[in-house]
Amino acid sequence: MVVEKNAPLQPWNTFGIAARAQTLVRVRSVSDLLTVLADAQLAQAPKFVLGGGSNIILTGDVKPVVLKMEIKGLRLVEETAKAWIVEAGAGEVWNDCVAWTLAQGFPGLENLALIPGTVGASPVQNIGAYGVELQDRFETLDALDLLTGQTFTLDAAQCGFGYRDSVFKHAPAGGQEVGDLPRGMGLAGRAVITHVRFRLPKPWKPVLGYLDLERRRVEAGVENPSAQQIYDWICDIRRAKLPDPAVVGNAGSFFKNPTVSPDQCADIIAREPKIVHYPMPDGSIKLAAGWLIDACGWKGKSIGKAGVYEKQALVLVNRGHGADSVTGGEVMTLAKAIQTSVYERFGIRLEPEPVVV
Ligand code: EPU
């Protein structure tokens, strides 16, 4: 276990915001976590779990002890006639895990290529892209309860997955023991995910319905693409429209795509015939937040060093660098201005997607 004091967090958040952690612990194994809990001072302190830092906005220095997850390992744990079950350490880079499964001949995660962040963060916000969500390929995960030091395993139902949501994003209701977890009980700040297992079904079937992907398939003239081809196309699509955090700091989509009732949608369409909307299986209608923000004229605009990406209005970016970086406060000022515009024009409240710390 490595403990750092007054540790810079700028290298550890993809927005590149300059902030510090009073105490940062590099966690490389479950036993490192147990060592933290056995330490009189560290055990008592509030904790903040940091994965790849790709879905957080730091609005100041972080007082809770930062547990930086660096648990590694990728392995096939089981192969049956119906699936490959693969396990990854929480500290593996998400895309390394996707690329590794494909290289081993276990397809199924290719639509989730190039999503920034780590494996341990992937269930927290139930990452999703191009027609696949993590919950579609999820088997179980192992976590450690920071209150009791107990390790436990959760299945998909216990994780309470929703659209970019899970029990790991919600504060504990207080008092309950981790065990038979009712849906909706929060585990934020209480549970640390250590390993995630994925179920990659056999026979593999490509998921191609998404417009951008279909366009690529037709352009390439390929009837039945391989998982590797889909992976390559998705990497190209993402690189073309999303900024590389190594070059321009960002946290992916900044707002969730809002859902409205068919009545609300009909009302909006009457006023805004061009609005991008998708009917959902439950009868609600999802609107493209990027389109709403774009329609309000925000694309390419900035407030201070916080900007709206030129090619995708749903992505807020850091227009500063290094010591001259954007602050979390500036990002939130821009986010609030966007929320106000969208509310005034469409009557829709956009909800931020990253965790604001
Ligand atoms: N649009 C605009 N202007 C914009 C941005 C988008 O008009 O500036 C329109 C597009 O033309 C399109 C629609 O809005 O018709 C949707 O845009 P896009 O296909 O880019 O997808 P998205 O809904 O903006 C979601 C996820 C992404 C994921 C993509 C692909 C959320 C919040 N975002 O974006 O996930 O990569 O779909 O599946 O659900 C992330 O969560 O960080 C993320 C990048």
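Every number for a ligand or one of its atoms is a count from 1 in the order of the listing.
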| task | Please say which of T327, V357, I17 ends up in a side-chain contact (heavy atoms from CB on, under 4.5 Å) with I57. | result | I17

| Residue and atom name of the nearest protein heavy atom (relative to atom 5 (C) of ligand 1), distance in Å to one decimal | Q312 OE1, 3.2 Å

| message | Give me the residue, atom name and distance of the protein heavy atom closest to atom 15 (O) of ligand 1. | response | V276 CG1, 3.5 Å

| Of the backbone atoms (N, CA, C, O) and the side-chain heavy atoms from C-beta on, which set of F255 has a member under 4.0 Å from an atom of ligand 1: side chain, backbone, both, or neither? | backbone

| request: Hey, could you give me each pair passing ring-ring contact (aromatic ring centres under 6.0 Å, His included) that has a residue in residues 80-136? Not counting sequence neighbours. | output: W84-F106, W94-F198, Y130-Y210

| field | Salt bridge flag under 4.0 Å for residues R190 and D145 | value | yes

| request: Would you tell me which option among W298, Y309, Y210, W291 has the nearest heavy-atom contact to atom 21 (O) of ligand 1? | output: Y210

| field | Part of A288 within contact of ligand 1 (heavy atoms, under 4.0 Å) | value | side chain

| message | Among all protein heavy atoms in this structure, tell me which lies nearest to atom 38 (O) of ligand 1, with the distance rounded to 0.1 Å. | response | Y130 N, 2.7 Å

| Protein heavy atoms: any of them under 4.0 Å from atom 11 (O) of ligand 1? | no

| query | Taking 4.0 angstrom as the limit, do R199 and E79 come out as a salt bridge? | reply | no

| note | The atoms of ligand 1 lying under 4.0 Å from a heavy atom of G252, numbered in the order shown, are 42 (O)

| query | Could you go step by step and tell me if M1 and V25 meet the side-chain contact (heavy atoms from CB on, under 4.5 Å) rule? | reply | CA-CA 7 Å; M1 179 180 80; V25 182; 3.4 Å; yes

| Of the backbone atoms (N, CA, C, O) and the side-chain heavy atoms from C-beta on, which set of K241 has a member under 4.0 Å from an atom of ligand 1: side chain, backbone, both, or neither? | side chain

| request: With heavy atoms under 4.0 Å as the rule, classify the contact between K299 and ligand 1 as side chain, backbone, both or neither. | output: side chain

| field | Atom indices of ligand 1, in the order listed, that fall short of 4.0 Å to a heavy atom of Y163 | value | 31 (C), 32 (C), 39 (O)

| request: Tell me, with the steps shown, if V77 and V86 meet side-chain contact (heavy atoms from CB on, under 4.5 Å). | output: CA-CA 6 Å; V77 283; V86 168; over 6 Å; no

| task | Could you tell me the residue and atom name of the protein heavy atom closest to atom 3 (N) of ligand 1, and the distance to it rounded to 0.1 Å? | result | D294 OD2, 2.8 Å

| query | In terms of atom number and element, which parts of ligand 1 are under 4.0 angstrom from non-hydrogen atoms of A129? | reply | 36 (O), 38 (O)

| request: For atom 36 (O) of ligand 1, find the nearest protein heavy atom and state the residue, atom name and distance (0.1 Å precision). | output: R238 NH1, 3.1 Å

| query | Hey, does the side chain of N250 reach the backbone of T14 with a donor-acceptor pair shorter than 3.5 angstrom? | reply | no

| Proximal atoms of ligand 1 relative to A313 (non-hydrogen, under 4.0 Å) | 4 (C), 5 (C), 8 (O)

| Does E353 pair with K256 as a salt bridge, N-O distance under 4.0 Å? | no

| Looking at atom 26 (C) of ligand 1, what's its closest protein heavy atom, distance included? | R164 NH2, 3.4 Å

| What residue and heavy atom of the protein are closest to atom 27 (C) of ligand 1, and at what distance? | S253 OG, 3.6 Å

| field | Cationic N near anionic O, under 4.0 Å, E272 to R345 | value | yes

| Numbered atoms of ligand 1 (with element) below 4.0 Å of E353, judged on heavy atoms | 40 (C), 41 (O), 42 (O)

| query | What's the shortest distance from atom 25 (C) of ligand 1 to any protein heavy atom, and which residue and atom give it? | reply | N257 ND2, 4.2 Å

| query | Is D294 salt-bridged to K299, cutoff N-O under 4.0 Å? | reply | yes

| message | Regarding D32 and R26, does a basic nitrogen lie under 4.0 Å from an acidic carboxylate oxygen? | response | no

| field | Backbone of G162 reached by a side-chain donor or acceptor of S166 within 3.5 Å | value | no

| said: Test of understanding: given a 4.0 Å heavy-atom threshold, classify the contact between Y278 and ligand 1 as side chain, backbone, both, or neither. | reply: side chain

